[in-house]
Amino acid sequence: MKTVKSLFVLLLAGIIVLTAAFSVAAQDEGTTVRIALGSEPDNLDPMLSAATDTSSVMMNVFEGLLAFNQKGEFMPGLAESYTISDDELTYTFTLREGVLFHNGDPLTVNDVVYTYEKLAGLSGGEPLSSTLAAVLDHVETADEKTVSLVLKQKDAGFLSKAIISISKEGYADNATHPIGTGPYKFVEYIPGQKVVLEKNEAYSTLAERTPDIDRVEFIVMTDENARLMGLKSGSLDIAGIGSENIEALGGEFNILEGPQNMVQILGLNNLVEPLNDLRVRQAIAYAVDKDEIIDAVANGSGTRVDSFLSPSMAYYYNNNLNVYEQDFEKSKELLAEAGYPDGFTITVTIPSNYQFHVDTGQVLKDQLANVGINLEIQLVEWAQWLEGVYTNRDYETTIIGHSGKLDPNDFLNRFESNYGRNYFNFSNSDYDKLIADGISTSKPEERKVFYDEAQQFLIDQAASIYIMDPSLVFAVAKNIEGLEIYPVTYFNLGELRIID
């Protein structure tokens, strides 16, 4: 077994991971902070973006009807208040007064209508969000401040859709020059280099997120050695690092560490041979040692995951799961029963910009070799992964991370038969019913019963292999405060402050 010294890259996926490094510089225009991105932005338009690290940047430019805090609790955003009807089908929001888009235009209910109708395909075009298309019936306005989202059926997790970024009605250039209402305004994007934001002097939505830093540059930077050099030289103030590199910084930085509510997986395409055989998928599960991966790749800074939920979602995570423990003999027996006594060769497609996942692939390759499975590693560019694996489902296995969500359904529904991004190609009517039952009741104790069963169902079916929630580790300059870890990947720039 090889020992892997990995770069501790955050995912996301996002899907999809964001790694960061800050540099504060006194310039003529004020204070500048530089942040390194672990991947190229996929699309600056929030309606078209699927990447977590892109949204973690652009959530400073755009805002939703609701916001959320570090505990994942909802709080007022562009809407100062909301109500839910007795039948739980109508969510009514009252907008704040005086909110302006970055071009000076006021926020109106029409912008909310435009955003949700376009995402759900209610305005005539193809839906951009399969989740909204499945649940949103129509949008109503009562007056200039009041807008209602009316559902087709109950969806207990619908409030999590109220954090969706609101776009300006009819504005067609968000992919090249995005305009939002957030604490930071877009300045420029140079592909392969950086995204630049600047303070929104007219920001008024949330007082606690009033920006202090004048200018922020998100630098596309995937190499951890470069980040470490930047920290040591003083050109960077905050950086996402591997836990094995903490000592190398010599105590000159504060260390922030915590779970990121992300699930790293060995994703399986359930339609391709031989993965369409349950026994083969189970054999793979029995060949994997998750604790070994955590020690080798994450230097022990990760939490074992046996579900498609992270244990950081404490209430809904099922702590009583019947799981697979490494058992080579059992794995070989299942392979023989399935007609593969000598094993087989299969490809794992991994985005090359995430060294963390590449290193995980190397460990898995060694583990699966013990039962005769030859795991061939195929590295692809991030854009290729998004198109080939995530969109077109043209792959056999993959290693990726799914970033934090605020509602358990937003994880577990990814294995639902009709979910548009079910790239696992898993389909089971019994599982679909569990998901439907889970969103039909608003009582947490009832939802937990359904989601507990759904988590066990995915394990029994070995729909994919759930590995770990890697910890986030940041080195923070001692003159910077306010950096927080959120349950959804998000760099809240409005909270950063420079102290004497």
Side-chain angles (χ1 to χ4, degrees), residues 6-25 32-46 48-62 165 175-176 178 180 182 184-198 213 215-231 235-242 256 260 262 350-358 380-386 390 400-404 470 472-476 480 483-486 488-493 496:
S6 73
L7 303 181
F8 205 81
V9 180
L10 317 180
L11 169 82
L12 297 285
I15 329 182
I16 322 179
V17 178
L18 175 67
T19 303
F22 287 64
S23 172
V24 176
T32 296
V33 169
R34 296 184 179 90
I35 306 175
L37 286 179
S39 67
E40 192 79 30
D42 65 331
N43 200 305
L44 299 180
D45 187 338
L48 302 176
S49 174
T52 299
D53 41 0
T54 303
S55 67
S56 66
V57 173
M58 299 309 290
M59 277 192 288
N60 292 286
V61 176
F62 293 91
S165 297
T176 56
Y184 281 84
K185 300 188 292 185
F186 173 83
V187 176
E188 67 174 340
Y189 168 42
I190 303 175
Q193 297 184 37
K194 62 185 178 180
V195 178
V196 181
L197 309 180
E198 66 179 21
I213 308 299
R215 179 181 174 92
V216 181
E217 296 182 1
F218 288 90
I219 311 298
V220 178
M221 180 186 294
T222 62
D223 182 71
E224 182 164 353
N225 289 328
R227 295 194 295 273
L228 290 170
M229 290 176 62
L231 287 168
S235 62
L236 302 178
D237 294 284
I238 303 175
I241 63 171
L256 176 65
Q260 59 179 305
M262 188 268 276
I350 308 175
S352 59
N353 58 305
Y354 293 125
Q355 189 64 40
F356 190 81
H357 301 319
V358 176
V380 298
E381 298 294 329
W382 178 235
Q384 289 178 275
W385 188 93
L386 285 171
Y390 193 57
I400 199 67
H402 282 264
S403 59
L472 292 176
V473 182
F474 293 100
V476 185
I480 298 290
L483 183 69
E484 298 284 351
I485 294 175
Y486 281 77
V488 172
T489 306
Y490 172 34
F491 272 84
N492 188 353
L493 302 180
L496 293 181

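All values below were derived from every heavy atom in this structure, side-chain atoms included, with hydrogens, water molecules and symmetry-related copies excluded.
Note that CD1 of Ile35 and CG of Asp53 are 12.0 Å apart. Values are rounded to the nearest 0.5 Å. Atom OH of Tyr490 is separated from atom OG of Ser55 by 10.5 Å, given to the nearest 0.5 angstrom. Distance CG/Asn60 to CG/Leu496: 9.0 Å, rounded to 0.5 Å. Here the straight-line distance linking atom OG of Ser39 with atom CG of Asn353 works out to 5.5 Å at 0.5 Å rounding. From Met59, atom CE reaches atom OG of Ser165 across 7.5 Å, with rounding to the nearest 0.5 Å.
Just one residue in the list Leu37, Val216, Ile219 forms a side chain to side chain contact (heavy atoms under 4.5 Å, CB included) with Lys194, and that residue is Ile219.
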(request) Could you check Phe491 against Tyr184 for ring-ring contact (aromatic ring centres under 6.0 Å, His included), going step by step and ending with a plain yes or no? (result) CA-CA 12 Å; Phe491 272 84; Tyr184 281 84; over 10 Å; no
(message) As a quick check of understanding, evaluate side-chain contact (heavy atoms from CB on, under 4.5 Å) for Arg215 and Val33, giving each step before the final call.
(response) CA-CA 6 Å; Arg215 179 181 174 92; Val33 169; over 6 Å; no
(message) Leu256 vs Ile485, test: side-chain contact (heavy atoms from CB on, under 4.5 Å). Steps then yes/no.
(response) CA-CA 8 Å; Leu256 176 65; Ile485 294 175; 4.0 Å; yes
(message) Determine whether Phe218 and Leu493 satisfy the following criterion, side-chain contact (heavy atoms from CB on, under 4.5 Å), listing intermediate values before the conclusion.
(response) CA-CA 11 Å; Phe218 288 90; Leu493 302 180; 3.9 Å; yes
(request) Apply side-chain contact (heavy atoms from CB on, under 4.5 Å) to the pair Val220 and Gln193, showing each step before the final yes or no. (result) CA-CA 5 Å; Val220 178; Gln193 297 184 37; 6.0 Å; no
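The heavy-atom pair separating Ile241 from Ala475 by the smallest distance is CD1-CB, 4.2 Å. Between Pro41 and Leu44, the closest heavy-atom pair is CB-CD2, 4.2 Å. Nearest heavy atoms, Met58 versus Pro178: CE-CG, 3.5 Å. Between Pro351 and Ile400 the shortest heavy-atom distance is CG-CD1, 3.7 Å.
Between Val195 and Phe186, some side-chain heavy-atom pair lies under the 4.5 Å cut-off. In this structure, the side chains of Leu231 and Arg227 stay at 4.5 Å or more apart for every pair of heavy atoms. Annotation: side chain of Leu483 is in contact with side chain of Ile238 (closest heavy-atom distance under 4.5 Å). Residues Asp42 and Leu386 have side chains in contact (heavy-atom distance under 4.5 Å, counting atoms from C-beta outward). In this structure, Val57 and Leu197 have side chains that are in contact, with non-hydrogen atoms separated by less than 4.5 Å.
At least one donor-acceptor pair closer than 3.5 Å links the side chain of Glu40 to the backbone N or O of Gly192. Ser352 contributes a side-chain N or O that, together with a main-chain N or O of Val380, makes up a donor-acceptor pair within less than 3.5 Å.
Between His357 and Tyr354, the ring-plane angle classifies as perpendicular under the 30° and 60° cut-offs.
No more than 12 heavy-atom neighbours from other residues, nucleotides or ligands sit within 6.0 angstrom of CD on Glu381.
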